[in-house]
Engineer: 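My questions will all concern the structure given below.
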Amino acid sequence: MVDPHVENPKSPKYYVKQYLTKIKDDLKGKIVIDMPAGNGVTTEILLELGSKVEAFDLFPEYFLVKDIKCKKADINSGLPLPGDYADYIICQEGIEHFNDQIKAFAEFNRVLKMGGKLIITTPSYSNLAARLSYSLFETEAFHKLMPPNEIDSVWFGDKLNKKIYYGHIFLIGIQKMRTLGRVSGFKIKEIIFMRINKTALLLFPFQYPFILISSFYTYLKAMKKNKGIDRKSMKAVYSEQLRLNISPKILIDRHTFIVFEKEFASENVYDHLLSLTKPIGDIL
């Protein structure tokens, strides 16, 4: 199968291939879930690297790799896999199409082994160009696209099962993605820089000083305000959020590429989250 996108530096597939090749020694012999698998280009790369790949997609009829079957799966209904099964899950350009993202994260947690990796790529909703577009017209690209709507954002459907494949209705910024990961038992292991958004780069020297001042002010105010929470835990959370918000790479990157690591099993997430917050009696 030949897909020109994997050799095109303008495509996320190019950077995913680079990353997978970089970690090829760890991928060899590992169980990797490709969801959504799309046309199968990433599945094929993983097979070449020696992984034990299982491909899933809501529309498997678009899958083109002959050596492996792509199974039909809807993330909202769960993957037809046992718990603690996979070493890696790759969700490439998929999360922005999922209408229940926290449910998707929970399902990824269920399927992954402890310490397993969740690789997510998605169009950046955190770079400066995306922020400007949202403020002007709540759109992904104000000079090119209308805001999400029922004409442009319904890409295609499955008449038999009444399933609709939505476009970029559910775009997600890095702060929200981090939080969804944390409340689902994941931590950020690595953030990969892909390529520069030229508009974001142009905006950077004008907006960055204000972002720095505002971010540090908000951080310091939050640290003083929440006195009933363990200070060490609070500082760890807020500091990570601060670093993400003032990262020049995130502010100018065209895409978001995050590697999460499963830190807690689903059944232990509840207790972990409560250990970070005020006692229940203080909230109710």
Side-chain angles (χ1 to χ4, degrees), residues 12 15-16 36 75 89-106 108-109 118-149 152-153 166-204 206-219 222 236-261 273:
Y15 298 95
V16 170
I75 192 65
I89 293 177
I90 298 179
C91 182
Q92 184 179 182
E93 305 302 291
I95 195 75
E96 68 274 13
H97 303 280
F98 296 165
N99 63 355
D100 194 340
Q101 293 167 335
I102 195 164
K103 190 172 184 178
F105 268 92
F108 292 149
N109 181 294
L118 169 61
I119 298 172
I120 292 180
T121 72
T122 186
S124 175
Y125 215 37
S126 299
N127 69 46
L128 296 177
R131 296 183 189 194
L132 176 62
S133 292
Y134 187 84
S135 68
L136 292 174
F137 205 171
E138 293 190 24
T139 178
E140 189 177 349
F142 71 90
H143 56 298
K144 295 180 181 179
L145 302 171
M146 292 294 289
N149 60 71
D152 303 319
S153 304
Y166 296 105
H168 293 176
I169 296 179
F170 311 104
L171 285 166
I172 179 171
I174 198 164
Q175 295 286 355
K176 184 177 179 181
M177 183 133 50
R178 173 207 166 274
T179 300
L180 290 181
R182 293 303 293 160
V183 301
S184 303
F186 291 96
K187 65 179 180 180
I188 294 177
K189 185 178 187 298
E190 193 174 2
I191 297 175
I192 311 298
F193 180 78
M194 295 176 79
R195 70 187 185 99
I196 291 174
N197 179 299
K198 292 179 181 178
T199 303
L201 183 62
L202 181 65
L203 292 169
F204 184 83
F206 303 100
Q207 294 191 6
Y208 193 63
F210 298 101
I211 290 172
L212 272 180
I213 294 168
S214 174
S215 299
F216 274 101
Y217 176 79
T218 303
Y219 167 79
V237 171
Y238 292 168
S239 294
E240 183 176 41
Q241 290 186 299
L242 176 65
R243 288 194 299 273
L244 292 175
N245 206 54
I246 65 173
S247 166
K249 287 185 177 181
I250 291 171
L251 292 172
I252 63 172
D253 199 348
R254 183 172 291 274
H255 265 72
T256 299
F257 186 156
I258 302 181
V259 181
F260 288 97
E261 181 177 317
L273 292 176

Engineer: Using a 4.5 Å cut-off on heavy atoms from C-beta on, say whether the side chain of Y15 contacts that of I192.
Structural biologist: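 Answer no - side chains too far apart.
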Engineer: List the atom of H168, the atom of P148, and the distance in Å for their closest heavy-atom pair.
Structural biologist: O-CG, 3.9 Å
Engineer: Checking T121 side chain against E93 main chain: does a donor-acceptor pair fall under 3.5 Å?
Structural biologist: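 A pair under 3.5 Å: yes.
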Engineer: Run through N127, D253, L201 and flag the one making a side chain to side chain contact (heavy atoms under 4.5 Å, CB included) with I196.
Structural biologist: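 Filter result, single survivor: L201.
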Engineer: Shortest non-hydrogen contact from S126 to R131?
Structural biologist: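 Nearest heavy atoms, S126 then R131: O-NE, 2.9 Å.
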Engineer: Of all the heavy-atom pairs spanning Y134 and Y125, show the shortest one and how long it is.
Structural biologist: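 Heavy atoms of Y134 and Y125 come nearest at CD1-OH, 2.8 Å.
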Engineer: In Å and rounded to the nearest 0.5 Å, what is the CZ to CD distance from R182 to E240?
Structural biologist: 6.5 Å
Engineer: Okay, side chain of E140, backbone of P123: is any donor-acceptor separation there less than 3.5 Å?
Structural biologist: no
Engineer: Going by atom types only, do Y219 and S239 share a side-chain donor-acceptor pair under 3.5 Å?
Structural biologist: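 Result is yes, a qualifying pair exists.
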Engineer: So which heavy atom on F137 is nearest to which on P147, and how close?
Structural biologist: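 So the minimum-distance heavy-atom pair works out to O-CG, 2.9 Å.
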Engineer: Using a 3.5 Å distance criterion without hydrogens, assess whether the side chain of Q175 forms a donor-acceptor pair with backbone atoms of Q241.
Structural biologist: yes
Engineer: For the residue pair T218 and Y238, establish whether any side-chain heavy-atom pair is separated by less than 4.5 Å.
Structural biologist: no
Engineer: Do I191 and I250 make a side-chain contact, defined as non-hydrogen atoms from C-beta onward lying under 4.5 Å apart?
Structural biologist: yes
Engineer: Are any non-hydrogen side-chain atoms of K103 and I75 less than 4.5 angstrom apart?
Structural biologist: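 Not in contact.
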Engineer: If you round to the nearest 0.5 Å, how far is CZ of R195 from CG of N197?
Structural biologist: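 If we round to the nearest 0.5 Å, N197:CG and R195:CZ are 8.0 Å apart.
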Engineer: Has the side chain of H255 got a donor or acceptor atom that lies under 3.5 Å from a matching backbone atom of S124?
Structural biologist: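 Checking the backbone N and O of S124 against the side chain of H255, no donor-acceptor pair under 3.5 Å is found.
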Engineer: Of T256, L244, I188, which is the lone residue that meets side chain to side chain contact (heavy atoms under 4.5 Å, CB included) with M177?
Structural biologist: T256
Engineer: Looking only at non-hydrogen atoms, find the nearest pair between S133 and T139 and report the distance.
Structural biologist: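 So the two residues come closest at CB-O, 3.1 Å.
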Engineer: Could you grab the distance from atom CG of L118 to atom NZ of K189, nearest 0.5 Å is fine?
Structural biologist: 13.0 Å
Engineer: Which heavy atom of I172 sits nearest to which heavy atom of L180, and what is that distance?
Structural biologist: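 Reported closest heavy-atom pair: CD1-CD1, 3.5 Å.
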Engineer: When rounded to the nearest 0.5 angstrom, what is the spacing between CD1 in I169 and CD in E96?
Structural biologist: 11.5 Å
Engineer: Considering only heavy atoms from C-beta outward, does the side chain of F257 approach that of I119 to under 4.5 Å?
Structural biologist: yes
Engineer: To the nearest 0.5 angstrom, please state how far the CZ atom of F206 sits from the CD1 atom of I211.
Structural biologist: 13.0 Å
Engineer: Could you walk me through whether L128 and Y208 satisfy the side-chain contact (heavy atoms from CB on, under 4.5 Å) test, starting with their C-alpha distance in whole Å, then the side-chain angles of each, then the deciding distance to 0.1 Å, before giving a yes or no?
Structural biologist: CA-CA 9 Å; L128 296 177; Y208 193 63; 5.9 Å; no
Engineer: Applying side chain to side chain contact (heavy atoms under 4.5 Å, CB included) between R178 and each of I258, V237, V183, report the one that passes.
Structural biologist: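 Testing each of I258, V237, V183 against R178, the sole residue satisfying side chain to side chain contact (heavy atoms under 4.5 Å, CB included) is V237.
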Engineer: Should C91 and F105 count as side-chain neighbours, where that means a heavy-atom distance under 4.5 Å?
Structural biologist: no
Engineer: Measuring from Q207:CD to S214:OG, what's the distance to the nearest 0.5 Å?
Structural biologist: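 Q207 CD to S214 OG: 11.5 Å, rounded to 0.5 Å.
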Engineer: Determine, step by step, whether F108 and F260 satisfy the ring pair (Phe, Tyr, Trp, His ring centres under 6.0 Å) criterion, reporting the C-alpha distance in whole Å, the side-chain angles of both residues, the deciding distance to 0.1 Å, and the verdict.
Structural biologist: CA-CA 11 Å; F108 292 149; F260 288 97; 9.8 Å; no
Engineer: So, does S247 use its side chain to make a donor-acceptor pair with the main chain of R243 at under 3.5 Å?
Structural biologist: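 Between the backbone of R243 and the side chain of S247 there is no qualifying donor-acceptor contact (under 3.5 Å).
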